[in-house]
Amino acid sequence: MRYRKKPVVIEAKRVPSVFHIEARCAFEDWINPIKGDRTVKWRGEGLVVETLEGDMAAQPGDWIIRGVKGELYPCKPDIFEATYEPVEEPTS
């Protein structure tokens, strides 16, 4: 049997450079309310994200994805672009 992955809309942000303070602050504002009981820590120029599969590193330019159950995990740009496409935001 073959299966197709269900279409799911996710939220994601790119990891900014630690040296770009404005972008880092905006990223932290986005990630703090959704990280729940998972930890996300700056290490060197990147992040370490505690995932369901263990700690995973993310570098500037990588994506942090919030999954369907609120879990966070990093994704390399080439995999992200092959897997996801932008969704039109609803207008109010």
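Keep in mind the model is a prediction, meaning the values are calculated, not measured.
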Exercise for review: Give, for atom CD1 of Ile31 and atom CD of Glu11, the distance between the pair rounded to the nearest 0.5 Å.
Suggested key: 11.0 Å
Exercise for review: Hydrophobic side-chain clustering at under 4.5 Å (ILVMFWY, transitive links): who's grouped with Ile79? Put none if nobody.
Suggested key: none
Study note, to complete from the structure: For Arg43, the salt bridge (charged side-chain N to carboxylate O under 4.0 Å, His left out) test, sequence neighbours excluded, returns none
Exercise for review: Evaluate the side-chain proximity of Ile64 to Val49: yes if any heavy-atom separation is below 4.5 Å, no if none is.
Suggested key: yes
Could you list the donor-acceptor pairs under 3.5 angstrom formed between side-chain atoms of residues 16-23 and any protein atom two or more places apart in sequence or on another chain?
residue: Ser17; atom: OG; partner: Phe19; partner atom: N; Å: 3.0
residue: His20; atom: ND1; partner: Ala23; partner atom: N; Å: 3.0

Check your understanding: Considering residues, nucleotides and ligands other than Glu45, do more than 12 of their heavy atoms fall under 6.0 Å from its CD?
Key -> no
Exercise for review: Would you please name every residue forming a salt bridge (charged side-chain N to carboxylate O under 4.0 Å, His left out) with Lys76, sequence neighbours left out?
Suggested key: Asp62
Practice item. Measure from NZ or CZ of Arg66 to the centre of the six-membered ring of Trp30 and say whether it is under 6.0 Å with the direction within 45° of the ring axis. Key: no
Practice item. Answer yes or no: is there a side-chain heavy-atom contact under 4.5 Å between Val48 and Val40? Key: no
Review point. For the atom pair CD (Glu28) and NZ (Lys13), what is the distance rounded to the nearest 0.5 Å?
Key: 13.0 Å
**Study point:** Under the ring-ring contact (aromatic ring centres under 6.0 Å, His included) test, residues paired with Phe80 that sit two or more places apart
**Key:** Trp63, Tyr84
Review point. Which distance, rounded to the nearest 0.5 Å, do you find between the CG of Leu72 and the OG1 of Thr51?
Key: 9.5 Å
Exercise for review: Hydrophobic side-chain clustering at under 4.5 Å (ILVMFWY, transitive links): who's grouped with Met56? Put none if nobody.
Suggested key: none
Check your understanding: Considering all heavy atoms of both residues, which atom of Glu71 and which atom of Leu52 are nearest to each other, and what is their separation?
Key -> CB-CD1, 4.2 Å
